[in-house]
Amino acid sequence: MTQPHATASIGVVGLAVMGSNLARNFARNGNTVAVYNRSPEKTRALVAEHGNEGDFVPAESIEDFVASLERPRKAIIMVQAGAATDAVIEQLCEAMDEGDIIIDGGNALYTDTIRREKEVAARGRHFVGAGISGGEEGALNGPSIMPGGPVESWETLGPILESIAAVVDGTPCVTHIGPDGAGHFVKMVHNGIEYADMQVIGEAYQLLRYGAGMEPAEIAEVFREWNSGDLDSYLIEITAEVLAQVDPATGSPLVDVIVDAAGQKGTGRWTAINGLELGVPVTGIAESVFARALSSATQQRAAAREGNLPAGTLAADIAALGIDRAVFIEDVRRALYAAKLIAYSQGFDEIKAGSEEHNWNVDPRDLATIWRGGCIIRAKFLDRIREAYDTNPELPALILDPYFKSELSQLIDPWRRVIVAATQLGLPVPVFASSLSYYDSLRAERLPAALVQGQRDFFGAHTFKRTDRPGTFHIEWSTDRSLTQTDA
Ligand code: 6PG
């Protein structure tokens, strides 16, 4: 059998929607793209339907696919995370040569990426775990791409990825994030922030709907307006679309006929777990994951409703609380903005901690730059984050940047008011409220951690530090309660 010419500058394995859209994006941007799918029908369909968009080199075996790639060969895997990805990596490793580059474009767990990078490197090939954000539409028209892996791979791969990434102010939304798992780690935290961003929008909706008694179509208008200010973002924009949508089957607002149980594929959960492991309080992200889990606990929720759990004394709506509707809407906008700011601040803290833990040297400015376009959390706000890290790359927390601090001075009172109102109305605001507690904890002069240390020392002789002198101390709780210095 004749071997195909090696003409393709990039290849895509796995031609479900994300993979085929990515392949089309490569082809549309002047790259000759090799395409391969385990069942050849998908490959044939892609070429039949979109072959006129650019140069595709279809292959029906992995060997032909690899043979059609220019050296160093570059192949992006767009198959299911987990075992399917491992199987394709194995096939590619077999068929490829020294110096060739295997890219995993799925939402892989970064620890898997670290393992795979080691295994593939041991066989003389390069492995790049690349986070790709923007969903199906982004894959086709310009995603935000977060590649990790060896810097040599980036030198070869960079221009090709730049050719398909979203562009903001002339800058492509892609850059080398750091070695081995850095790209997938950062994509994981991106998704965690995405969860929090979606949840705070949900909490704002809930307050306007059931606190201010507004209809979805009215709330859609409010979100449209918010989208022209500080909150200008893809997620606010699509929220207005979803709220304005009428159910084609019944004519009711679509949001009213969707079951209120949020799904998840795991990236937000990974972010929360990793935050716990690193000791970084990503409370906004974790509460968002829990909020999805609680929403999906349908049986328990039904039992709780039927069990008539006492609600205490509640106000029926904001009018009963004497709150003006226009004032409330603006307060909710500010509370949303504040809670969102906290979620980003915490997400960047986690990235910093992860980067330090793994020696990745991730630059937060890069992230704020490449998240401005293409990805799900793209927002005007990211320009401000970029400026914050430009001014001070060592910012101890995003919220300590002078711009965000001055924003917070405008947000803090409305934020507190909204949480008080939500409590009086009996409406759940897990991220609005926990973010405020986080904020108040961060600025507190004294935390009850002193008492916790005392308790730990009481029952377990776990010792404590003192505010007035160095050393480690213990009280002889069960005898004369004298003070001993345990490190003396
Ligand atoms: C993106 C999205 C994408 C996907 C996630 C979240 O950046 O394009 O984050 O990766 O939507 O998997 O999905 P879940 O909400 O199902 O976890």
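Residue numbers start at 1 and run along the sequence shown. Atoms within a ligand are numbered from 1 in the order they appear, just like the ligands themselves.
Looking only at heavy atoms of the protein, atom 5 (C) of ligand 1 is closest to Asn191 ND2, 3.4 Å. Nearest protein heavy-atom neighbour of atom 6 (C) of ligand 1: Glu194 OE2, 3.5 Å. The protein heavy atom nearest to atom 17 (O) of ligand 1 is Tyr195 OH, 2.5 Å. Taking atom 8 (O) of ligand 1 as the reference point, the nearest protein heavy-atom neighbour is Gly134 N, 2.9 Å. Remark: minimum distance from atom 7 (O) of ligand 1 to any protein heavy atom is reached at Ser133 OG, 2.4 Å. Closest to atom 15 (O) of ligand 1 among all protein heavy atoms lies Arg292 NH1, 2.9 Å. Among protein heavy atoms, atom 12 (O) of ligand 1 sits closest to Asn107 ND2, 3.3 Å. Counting protein heavy atoms only, atom 13 (O) of ligand 1 is closest to Lys265 NZ, 3.5 Å.
Below 4.0 Å from some heavy atom of His190 lie the following atoms of ligand 1, by number and element: 7 (O). Atoms of ligand 1 found under 4.0 Å from any heavy atom of Ile376, numbered from 1 in the order shown, are 1 (C), 2 (C), 7 (O), 8 (O). Counting atoms of ligand 1 from 1 in the listed order, those under 4.0 Å from a heavy atom of Gln264 are 16 (O), 17 (O).
When each of Phe381, Tyr337, Tyr344, Tyr439 is paired with Phe404, the ring pair (Phe, Tyr, Trp, His ring centres under 6.0 Å) condition holds for Phe381 and for no other.
Salt-bridge annotation for Arg301 and Asp260: present, with a side-chain N of the basic residue lying under 4.0 Å from a carboxylate O of the acidic one. A salt bridge does not link Asp180 with Arg116: every distance from a Lys NZ or Arg NE/NH1/NH2 to an Asp or Glu carboxylate oxygen is 4.0 Å or more.
By the 6.0 Å and 45° rule, Arg365 does not stack over the aromatic ring of Tyr389.
Residue contact annotation: Met198 has no non-hydrogen atom under 4.0 Å from ligand 1. Residue Gly135 places a heavy atom less than 4.0 Å from ligand 1.
When all heavy atoms are compared, the tightest approach of Asn274 to Tyr110 is ND2-OH, 2.8 Å.
Here the side chain of Arg372 pairs a donor or acceptor atom with the backbone of Thr369 at under 3.5 angstrom.
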Lys187 vs Asn107, test: side-chain hydrogen bond (donor to acceptor under 3.5 Å, both in side chains). Steps then yes/no. CA-CA 8 Å; Lys187 174 62 175 28; Asn107 270 332; 2.8 Å; yes
Could you walk me through whether Thr283 and Gln346 pass the side-chain hydrogen bond (donor to acceptor under 3.5 Å, both in side chains) check? CA-CA 8 Å; Thr283 55; Gln346 294 177 339; 2.7 Å; yes
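Within 6.0 Å of the CD atom in Gln300, the count of heavy atoms belonging to other residues, nucleotides or ligands does not exceed 12.
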